[in-house]
Every structure is written in C-alpha cells, then in structure tokens.
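Below is one structure, written out as structure tokens; comments come after it.
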Amino acid sequence: MYFLLVYMYIKNHVYMFPDLLGCHGKCRRYLFCCFQDRAGQFFSSGHTNNWAVLVCTSRFWFNYRHVANTLSVYRSVKRLGIPDSHIVLMLADDMACNHRNPKPATVFSHKNMELNVYGDDVEVDYRGYEVTVENFLRILTGRLPPSTPRSKRLLSDDRSNILIYLTGHGGNGFLKFQDSEEISNVELADAFEQMWQKRRYNELLFIIDTCQGASMYERFYSPNLMALASSQVGEDSLSHQPDLAIGVHLMDRYTFYLLEFLEDIHPASKTNMNDLFKVCPKSQCVSTPGHRTDLFLRDPGSVLITDFFGSVRKVELTMETINLTDPIDAESGELQKEMHTYADQLPVSEIIHQKPKQKDWHPPDGFILGLWTLILLVFFQTYGVKHLKHIF
Amino acid sequence: PNIQQGRQRCIYGEVSPTEAGGGSDSPAPKPAASPPSVPRPKDDFQEELVIRPLHSGDIYTSFQFRTLWETDFTRENKVSHYRLFPKSLGQVISKFSVRELHISFTQGYWRTMQWGQPYLPSPPGAELWVWFQDSLTDVDGTWKELTNVLSGIFCASLNFIDSTNTVQPSASFKPLGIGNVTDHQIVCTENLTPWKKLLPCGSKAGLAVLLKSEKLFHSSFHSQAVHIRPVCKDDQCKTTSWELRQTLNVVFDLHNSGQGKNEWSLFKMFSRTLTEACPVASSSKIYIDITDNSQGEQFELSPATPLLSQAVVLGDRRTFSVYDLTQQITFGTMRSLNLLIRGKSSDMLRPLLHAERYVAGYGLQTGEIHTLMYNNHPYRSFPVLLLDSVPWYLRLYIHTLTVTSKGKDNKPSYIHYQPSKDRVRPHLLEMLVQLPPNSVTEVTLQFERALLKWTEYTPDPNHGFYVGSSVISSLVPSIVAMDTNNSRERPLFSSFFPSKEESSYFVRVYTEPLLVNLPTPDFSMPYNVICLTCTVVAVGYGSLYNLLTRSFQIEEPSPGLAKRIANIIRKMRGVPPL
C-alpha cells in the first residue's frame, strides 16, 4: 500500500525532476524503464575513480612536439575532471622554460601560438632525468621506495580506470626513452599483467603515438585492455606543422586530431570509443591508426570517452550536521625562562680558534687487516711457531 | 644560510633539561591562567612588494609573504588545526624534526655589478639547507626522506640529492646543518604552482594575483624561495614563534620585457593590476625605492602617495614611497592600482663585495678553478668565508691551492678541507680569508677529471656536468649605522638578517656555477663491438672450421635429356645403361 502511494506520487510528479533521472521526453511515463536505463548505465562501467599516466620520453629541443603532445592530453584530461593528484605526468625535458623558447613558460600546440597547452597550473611529477624505464615500470607496478611522495605514485585500485599515454620515438617492438634506453613491448605487456594480478586496474586504455606504434600493443595478454596506436608496423607517424617563430614542429598529427576531437567532449557527453577509433583517418594522418579491443570485455560502442578521459565523481547529498570540536589550544604558560638570542652570523674569532673536530675511531679497514695478517703469516712461516715464546 | 660559521639566524639557546626528562624540550604545561575572553589569533600574515628601478633600466621586484605562528611543533600531541600556516610544511617540520629550512629555486644569475646587492641572495639552480633539532639521531636517513618529500611538494628533482652531493659544513654549534646546492635545475611553472598554493590567499587576492608565470619567467632573473625558522616573539625573546617567509625576486629586462622603453608599470610587468589586499593579511604594502629622487628629477611615480618610509637596508639608508593596500583610498576611483614608473634611478652604490669564478685550462684531463673576490671598499678590509663544494668526479689537488691578493700570498686564517670519497661524498673546502681594501683576491685550485662508469652518465653527457656555486659570506662595513633592535616593526625586506653590531651587516654572495666536460665515452661502442666480434668469429673461425672438417666427394655431371630417356628405356629392357 505504501509503495503504491509512493509510486503514484512519483509518477504524477516525475516532471518535477526530469534532469535528475535524465528522463525527459519519451521515458517519462514509463518510470521503471527509465530507472533501469539510468541504473544500468551507472553500474555498467564498474569503475569508481580515474587515473592517468602521461609520459613523454624524448629529450632535446627538436622533440618539442612530443612534450606538446603529452601536455595537450594532460590539458584535456584535467579539463574533463581528473584532478592533479590522480595524474602522473612525466616529461623528459623542459620545453617551456628552455632557453631556446621565444615565449617562456608556454608550449603551443597550434601554429600562430593559438593554444598554450602548458597553462598556468601545471604540475609535472617526473621531470628530466627522472623519466626512465625503471621509474615508469615502478609506477605501473607500484613498487616504489617508501620515501616516494604521493604525487609520484599511481595509487590505483581494482576499481580504477587508467589512461596511459606514451609518446616519443619508437620502432618495431620498442620505445626509446631519452636517447639512452628503451622499453620493449614484452616488458610492457608483462607490466600490465603484473598490474592485473595485483588488481591495480579495472580497465585500462593505452594510447601510443610513435612510429610503428601498433607493435607495442601486439604482445598484450591481460584482460580489460584497450589499445590505440597512431601507426601500423612499418609506418612512421608524422608531425603536423611547424611554427616559424618557434622553429620546430609543434605537434604530431595523430595527437593533433585527437586533441581536436577531445576539445568537443565535455564531462556529460555520450561519445563512445567507436568515435575515438575514427580519429585521424589515413587521409589526415598519412599513417594508419590502429586499435585493439579483443582483450576488452565490454563492447567498445558502450564505453564512453569520459570513462577514461574524465572523472567519475559519486556525490552523495546528506542533511546531517556534524559538530566540530574546538581546536586544542594547550597554553604553554611560562615555561621557557631562558633567554634566546640570534646567533652570530660570522663569528670570526671563534672560527679562527676552532679546534678540529675529533674524528671517531673506526676499526681498521679490511685492507689493513689483510696486510698485517700476511706479514704475520710470512713471519711465522719463516721463523717457526716455537720462537713465539722468545719473541713475546 | 650557512652553518659553517656557526651562524644560524635562529635560536641556539642553552636549553637545560629542566622539567621533562629525556632531553625533550617541551616541558609539561602548567595549569593555564583563565582563558582570555577574546582568543588572540596566534598566526599573522603580512605581504609586501619592493620595487627598485635599477641603473641599467631594468627593474627589480621582490615579493615577500610572511606568516608568523606561535606554536610548538615539537609537542607530543600533534598540531592539527592549521589556519594561515600551510599544513604540508607544518607536517614536514614536525615529522622530520626540522629546526630551520631554506629552499630556493632560481633561474638566471644575479649580476652584482650591474644590479647591486639583492635583498635575498640565491644561487642559480636549487639550494636546500636544513638544520635539524638536537634530538634527531639518524640525520642521513631523515635527510633523504626530507628531500624526497620536498621534491613532491615543489615538483622539483630534489630526489637526486643524496650523500654524493651533500655537505655538512664544519659547525662549532650544536645543531647539525646539512645542505646542498644543485645547479641543473630548470625552474618553471610547475615549481611556481605549488609555491603559490602555500600562500593563505593563494593566487586569488592580494599581491599574489600579480604572479603570472608567462611574465615571470620571461625575465633575466627569477628566484622563489621558502624560509622557515623560529624567531623571537618579542624583545625579551623568552618565547619563539615560527616564521615562514616565501620570497620571489624577479628582474625584468629593459629590452625583453620592457620593449626598450624605460617606462614600467604593474600591468606591463605582470599583465595584472591590483584590486584588493589579501583579506587575511594584517599588512599589505608596496615599497618603491625613491632614494635618489627626492625632487622627482630622475624618475616619476604615479599615482602619487603621501606615505614615505625610511629603512636601513644593505648598509644604506633608503627612502621608500609606500602604498598601503589595506586602505581603500589607495585604489582610487577605478578600484585598481597600477603603478607607473618612468625614468631610471641614478648610479647606485657600487657593491662592496662581489665574486666571480671560472674554469681555466684545456683538454679533458686537467683544469684549474679560479675564484676572484673583489673588495671595493677604499680603506677597510673585512673577512670573508668561502665555502666550496666540488663533486667527487673532479679530483682536486689541494697542494696546488693558492690565495693571492695584490700579487702577494694571502694566508687564510682558517682552512677546513674534507676530501671527497668516490661516489660517496663531495669535496668540502672552507676558508676564512681577509680581503685587503680595494683589491682582488684570487683563489686557484687545480683538478683532474675522472672517468665515470658508463651507467653513471646522464642521457645528455655532452652538455657537461655542473659544479655548484661557491658561497661567500661576509660582514661588510656599512655606511650608516645598522639597527640592532631586531624586534621592532620593520619592513620585511630589511629584517631578514638580524644584525648584531651597528657597523657592519651580513651579506652573502654566490658565484657562477661551473660547467665542466668530463671525458665521455662513445656509447655506441658496445653495439659496435658485438657486431665486430661476431663478424670476426663467424668469418674467421667459421671458415677455418669448414676447411678442416669439410670432406669432398666426386660427383658425375648429370647426363643430357636424350641420354636420360635412353637410360630409362634400357633399364626397362634390362640392359646396362650408357
């Protein structure tokens, strides 16, 4: 009886909260189908938080475009809701404050300096020499030294959707890090398997923009991975356009069109992965972008772009009130009676008459011990042990 | 802030273990007096901006944000209620038993001869000096953790700081000081962003709205720093409070940012104007240095202000025009303040102490470091303390150390040298040298370059390796009497280094960093060697093996087609073949 009353009430008053259910229009009269639709959609993705790991692996000024690539993905991801604490940004070199940059503190993605992807509140977690294969794999698997700060860790759990974006110079089966080392596709696949076994992700989207990028996802074997690459094996990914004032190429083609695609996405949009696969066809990209979805359990058509690029925030409204206690303000009272003074900054007389620090005594080194043992051995060998009592 | 002179601008009180046993310096609280009716706020925030037009047409701006907080981080029950003091730094202080901390990030080198002395000196790159509490036992482990935590807070690569490039200057005072100066640090917006987040008003109100990265980094010199230390609360100095100073010094170039015109305004420098002071600040002021401009002959300042203030800073008495942002009248009818400064200041005092450093020699085997210190005072000499921290891969020959002034040998009154240990710690050289008046003192030292292991090279080894700046600290004679009463209300820029005597003031000068090339191997060699060896083995050994083990058999040439058919027919007939 009670439920019937509630049902009648909601049915008659459903026009009052169309937006809450997203049910205006066709579904208004059929309440249950409406609920089911929304509920189904809400629970189908299965993740509760979003992370992003964005890596640029190239150093030197002429690789400006790789940093611009990474920063444009960073900008999109931040704009769609993922906070800085959930983004691990690794840039192998600094382009914005590079001495060759004619406009410091900026990184542009469009020529004529239209869009500054560096922004005013960027937080780079790994810079310069810290971007190494070891650090990258440690972030993914979570095996970092205990003193690593939180901003440098990937603290994902089994309900996290992770976006991983790599860009740089690559080849068939490897990606070059900073011109001195490389990561192979086998290593990467194994790292993802370790993540799967430790349940460090719910679903993972892997995007790579390098030459022969498709070779990097060939070896994946863990479930719930979806991968996109900018070019097939044997093809080179090309850069988009140079800027004459800055003097280098600003972006790579694939990421340029990816950025254009993402600029149209807002946190509530319903575009799905099939649209992402169509980004940058051969006519625009010259190379053929590839993708891999066989390891992914859901149908790509039902996966929203914002599942990976945006951030799910589950908001619960509550009307309860909580009383805050007053802060503990323990009065110290009159304790320290001794006078403090500012120390002298250059006490010349004291320095001149300073006694040298007494060095601690250390037990003798292995070398010294070995030397003395040798001498004693030779001595007793020559003179025999029976002479001991005469000597001592 | 070096501890080698035992100089700490902080407290070294003779704390006798009175109340609580075990050396803890937080005695049990006595029963408190009746609580006051209105709780006095325990923390205080002040902000100020000093603008000094320089002789060369450049302009020097210095921001200081100071938060004072009466609290005790060393108490057992942790501090949990933070108001103006940033929580991340408060937790760092209490967790790592930090007594004093100074960290600075600088891009560019301060040109002392063209710009005079800065209010707060800093070396190029990153610098971190920490003093720990007496109660700390494991200094090395805490140092490593502290550098990692700070690298996370400031988005800087401080995690490369470890024992191989950290020094502990010889200290004759109790607390242990440990420090590091790295040079290869690029300072960019990602360092400024967390720095701005530490301010109580963020970058939304007050002077911090001017801090826009696009303009700040397009400058000749940019330095941001955080200084945490305990200071005296009052004259008697019985209790102390914690002071956090965040400073930002920028020098805008006449040609880059000024487009060649000697006309500066807040909008031109920062692309913003001021609309209000930070609401939680107790004082928010702008000071413009107008010392040589009493009648307005050198440069013109608008909007005009009646407030004037005099302060003794860097040994000289300077006059400042003051704009008080807490007064609504400062903003005028437009509700925004845009200062306009036209013209340049006259020739300012030549700095009395200034230093240079360079590497001499040729080739990749040996070299020589020359440090020059200039004393520009006409008749007074003063002592300077030179601190040099050279990485282990430059092997110094200390027997070649020479100090000469005016051509004659100048023996230092104190030398402390700690030799380096390969891959463990760097060289540390401290010397107290008396600089004769109006002279140049040259310190030379020869070194040899080491060959590193191939994994120790950076990904770009041909760039070179950096050697940190030398630090030269000294008490320089001042022109006017310095104010030794340290607790009086003074503008922030003049109260950083407390003075003990009236006739001299403390100054610190940093030299340039050095960039040395180490002998670099050819990194493609392992690949080349493997290819060559495999080829030699395959061709040489392979052919020999084949020659020795191959056996030869004689084979009949195959007959023609007709003969083969004939053979088949003959075989069928049972007749022997042809």
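Within every chain, numbering begins at 1; the chains are lettered A, B, ... in the order of the sequence lines, protein sequences first and strands thereafter. What's counted below: heavy atoms across the whole structure, side chains too, no hydrogens, waters or symmetry copies.
Contacts of S58(A) classified as side-chain hydrogen bond (donor to acceptor under 3.5 Å, both in side chains), with partners at least two apart in sequence or in another chain: H66(A).
Side-chain atoms of D121(A) and T193(B) form no donor-acceptor pair, as typed in the model, at a separation below 3.5 Å.
The residue among T458(B), V149(B), V187(B) with the most heavy atom pairs within less than 4.5 Å of chain A is T458(B). Comparing S157(B), S203(B), S413(B), S219(B) by heavy-atom pairs within less than 4.5 Å of chain A, the highest count is held by S157(B). Heavy-atom pairs under 4.5 Å with chain B peak, among P149(A), S180(A), C97(A), at C97(A). For the set V122(A), N116(A), D179(A), T132(A), the entry with the most heavy-atom pairs within less than 4.5 Å of chain B is V122(A). The candidate from D125(A), D94(A), N98(A) with the greatest count of non-hydrogen atom pairs under 4.5 Å with chain B is D94(A).
Using non-hydrogen atoms only and a strict 4.5 Å limit, the part of residues 99-108 of chain A facing chain B consists of P102(A), P104(A), A105(A), T106(A).
In this structure, L89(A) and E190(B) have side chains that are not in contact, with every pair of non-hydrogen atoms separated by 4.5 Å or more. When side chains are defined from C-beta on, Y118(A) counts as touching C188(B), because their heavy atoms get closer than 4.5 Å. Looking at heavy atoms from C-beta onward, D120(A) lies in side-chain contact with S213(B) at the 4.5 angstrom threshold.
The number of heavy atoms from other shown groups lying within 6.0 Å of CG (L244(A)) does not exceed 12.
Contact of S147(A) with chain B is made through backbone and side chain together, with heavy-atom distances under 4.5 Å. For N191(B), the part sitting under 4.5 Å from any heavy atom of chain A is the side chain, from C-beta outward, and nothing else. Residue K196(B) touches chain A through its side chain alone, counting heavy-atom pairs closer than 4.5 Å. There is no contact between F177(A) and chain B, counting heavy-atom distances below 4.5 Å.
When every heavy atom of K152(A) is checked against every heavy atom of S151(B), the shortest pair comes out as NZ-OG, 3.6 Å.
Rounding to the nearest 0.5 angstrom, the gap separating the NZ atom in K197(B) from the CD atom in E123(A) is 4.0 Å.
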